[in-house]
There are 2 protein chains.
Amino acid sequence: MDVRNDLEQFRTYLRQHNLPVTQQRLAIANVVFASDRHLSVEEVAADVAAQGENAGTATIYRTLDLLVKSGLVVERDFGEGFRRFEPTRGIPHHEHMLCTVCGRVDEFRDERLERMTTLIAESHGYSRQRHRLVIYGVCADCQRSGGPGR
Amino acid sequence: MDVRNDLEQFRTYLRQHNLPVTQQRLAIANVVFASDRHLSVEEVAADVAAQGENAGTATIYRTLDLLVKSGLVVERDFGEGFRRFEPTRGIPHHEHMLCTVCGRVDEFRDERLERMTTLIAESHGYSRQRHRLVIYGVCADCQRSGGPGR
DNA sequence: CTCATTGCAAAGGATTTGCACTAAT
DNA sequence: ATTAGTGCAAATCCTTTGCAATGAG
């Protein structure tokens, strides 16, 4: 199972860096790895609590930092005023589409974008590092019903 | 002159909405219109003060909201943790490139992106509203010198 | 045992808001 | 005169940090 594997990789990362494998770190990593969504810190906290585990906010932030550093999780910023976190799962770079009505997030991949952004950067004398694209729109469900979940 | 014209349009907007044309509103609008950069709230405040005018932080935020609502100014989010504001000046939608070393911002336009994002959105059942693309990289100057301004 | 982690609460930065005072129409 | 705007400080939201208590190796 994927979650199990990710968790094992996290344990390995911690050991290799001489960092204690604590209950909290495992609980938090577990929640993020188990999710197929882009979780906010608040959502991570709620999920951890729902599993009967305990973890203070500070610990959640600190552990998410570790997960990002380990490369097992990516940080996202959809311009909502807070960050979201997504398990990497060896999936290559991809873009996001956000429903401005219900907040739903879809992902897509387009290789042209990598090439385009590299070329555009170069034509301006920049050496490209990365890019960030978010498409904002209204998802099929919300178009049909005129509102979130209704 | 452009600034003069923008300012006139702002006055018109205020009158049409029965909003008082105050000294502060004009000073703030003037600063944003006069700039060819993407100003942060802090920078707007500094520029207003530099012009010998007075305006509290709250007023700056409130006036920037008005400017955005009027369509004369656009809000930008480059993932820095705060917002920036750019005069519209009738310039069509464009993208941004950010130097991760010195913070320099360049602009570019690519019509393909409009089409691409619309098609991608549709293929996922979304009706596209807008998109946001930022390319992060190192500008020519910083590549040459290995640091900002040195 | 020793040292890093944890949790809580205080601190921080950006932005908003309540309210008495002031200015625009 | 009215009515809305302004400034200040308090309040909020997300995130970070200091420090005593706690747990991993």
Side-chain angles (χ1 to χ4, degrees), chain A residues 7 10-32 38-49 51-70 73-85 103, chain B residues 7 10-32 38-49 51-70 73-85 103:
Chain A
L7 214 49
F10 187 45
R11 295 185 105 110
T12 304
Y13 175 86
L14 292 174
R15 279 193 224 99
Q16 288 179 340
H17 292 256
N18 288 308
L19 300 170
V21 176
T22 67
Q23 190 107 59
Q24 289 87 331
R25 283 177 176 163
L26 291 180
I28 293 162
N30 201 44
V31 160
V32 178
H38 304 73
L39 298 177
S40 64
V41 169
E42 201 177 0
E43 290 167 336
V44 172
D47 285 10
V48 168
Q51 310 247 321
E53 296 288 338
N54 254 59
T57 315
T59 301
I60 294 180
Y61 276 101
R62 290 187 278 233
T63 302
L64 286 170
D65 278 354
L66 276 180
L67 286 165
V68 170
K69 283 201 194 97
S70 77
V73 165
V74 218
E75 190 182 321
R76 301 287 180 196
D77 170 12
F78 296 144
E80 300 167 295
F82 54 85
R83 292 176 285 165
R84 292 185 174 276
F85 297 85
Chain B
L7 213 50
F10 187 44
R11 296 185 104 110
T12 303
Y13 175 86
L14 292 174
R15 279 191 225 101
Q16 289 179 340
H17 293 255
N18 287 309
L19 299 170
V21 176
T22 68
Q23 188 107 59
Q24 290 85 333
R25 283 178 175 163
L26 292 179
I28 294 163
N30 201 44
V31 159
V32 178
H38 304 72
L39 298 176
S40 65
V41 170
E42 201 178 359
E43 290 167 335
V44 172
D47 285 10
V48 169
Q51 309 246 322
E53 295 288 340
N54 255 60
T57 316
T59 301
I60 294 181
Y61 276 101
R62 291 188 277 231
T63 302
L64 286 170
D65 278 354
L66 275 181
L67 285 165
V68 170
K69 282 201 195 99
S70 77
V73 165
V74 217
E75 191 182 319
R76 301 289 180 195
D77 170 13
F78 298 144
E80 301 167 294
F82 54 85
R83 293 176 285 165
R84 292 186 175 275
F85 298 85

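Just so it is clear: chains get the letters A, B, ... in the order the sequence lines come, proteins before strands, and each one is counted from 1. These numbers were taken from a predicted model, which means no experiment stands behind them.
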>> Taking the side chain as everything from C-beta on, heavy atoms only, tell me whether Thr22(A) gets closer than 4.5 Å to Leu14(A).
In response: no
> In whole Å, what is the span from the CD atom of Glu42(A) to the C1' atom of dT12(D)?
Replying inline: 13 Å
> Taking CD1 from Ile60(B) and C1' from dG7(D), how many angstroms apart are they, rounded to a whole number?
Replying inline: 11 Å
> Considering only side-chain heavy atoms of Leu19(A), which listed nucleotide, dA4(C), dA4(D), dT17(D), is closest?
Replying inline: dA4(C)
> Could you give the CG-to-C1' distance, from Leu14(B) to dT3(D), as a whole number of Å?
Replying inline: 15 Å
>> I want to confirm an ordering. Mapping Arg25(A) and Gly81(B) to their closest nucleotides on DNA chain C, which one lands closer to the 5' end?
In response: Arg25(A)
> Closest to the Arg83(B) side chain: dT15(D), dT16(C), dA9(C)?
Replying inline: dT16(C)
> Among the nucleotides dT17(D), dT6(D), dA24(D), which one has an atom lying closest to any side-chain atom of Ala58(A)?
Replying inline: dT17(D)
>> Quick check: do Phe82(A) and Val41(A) have side-chain heavy atoms less than 4.5 Å from each other?
In response: no
> Counting just side-chain N and O atoms, does Thr22(B) come under 4.0 Å of either OP1 or OP2 of dT6(D)?
Replying inline: yes
>> Within the 4.0 Å heavy-atom criterion, would you say Asn54(B) contacts the bases, only the backbone, or no part of the nucleic acid?
In response: sugar-phosphate
>> In whole Å, I'd like the distance from the CG atom of Asp65(B) to the C1' atom of dG5(D).
In response: 14 Å
> For Tyr61(A) and dA11(C), what is the distance between atoms OH and C1' respectively, to the nearest whole Å?
Replying inline: 15 Å
>> When you compare the side chain of Arg25(A) with that of Pro20(A), does any pair of heavy atoms fall below 4.5 Å?
In response: yes
> Which residue lies toward the 5' end of DNA chain D, Gln24(B) or Val41(A), if each is placed at its nearest nucleotide?
Replying inline: Gln24(B)
> Roughly, in whole Å, what's the span from CZ in Arg84(B) to C1' in dA14(C)?
Replying inline: 13 Å
> Which part of the nucleic acid, if any, lies within reach of Phe82(B) when heavy atoms closer than 4.0 Å are counted: base, sugar-phosphate only, or nothing?
Replying inline: sugar-phosphate
>> I want to confirm an ordering. Mapping Thr57(B) and Asn18(B) to their closest nucleotides on DNA chain D, which one lands closer to the 5' end?
In response: Asn18(B)
> Of all the choices, dG7(C), dG5(D), dT15(C), which nucleotide is nearest to the side chain of Thr59(A) once you look at every atom?
Replying inline: dG7(C)
>> On DNA chain C, does the nearest nucleotide to Thr63(A) precede the nearest nucleotide to Gln23(B) from the 5' side, or the other way round? Give the residue.
In response: Thr63(A)
>> Rounded to whole Å, how long is the line connecting atom CG of Leu26(A) with atom P of dT5(C)?
In response: 14 Å
> How many angstroms lie between OG1 in Thr12(B) and CZ in Phe10(B), if you round to the nearest 0.5 Å?
Replying inline: 10.5 Å
> Which part of the nucleic acid does Arg62(A) contact within heavy-atom distance under 4.0 Å: base, sugar-phosphate only, or nothing?
Replying inline: base
>> What I'd like to find out is whether the side chain of Arg62(A) reaches to under 4.5 Å of the side chain of Asp65(A), using heavy atoms alone.
In response: no
>> What is the distance, to the nearest angstrom, from the NE2 atom on His17(A) to the P atom on dT5(C)?
In response: 13 Å
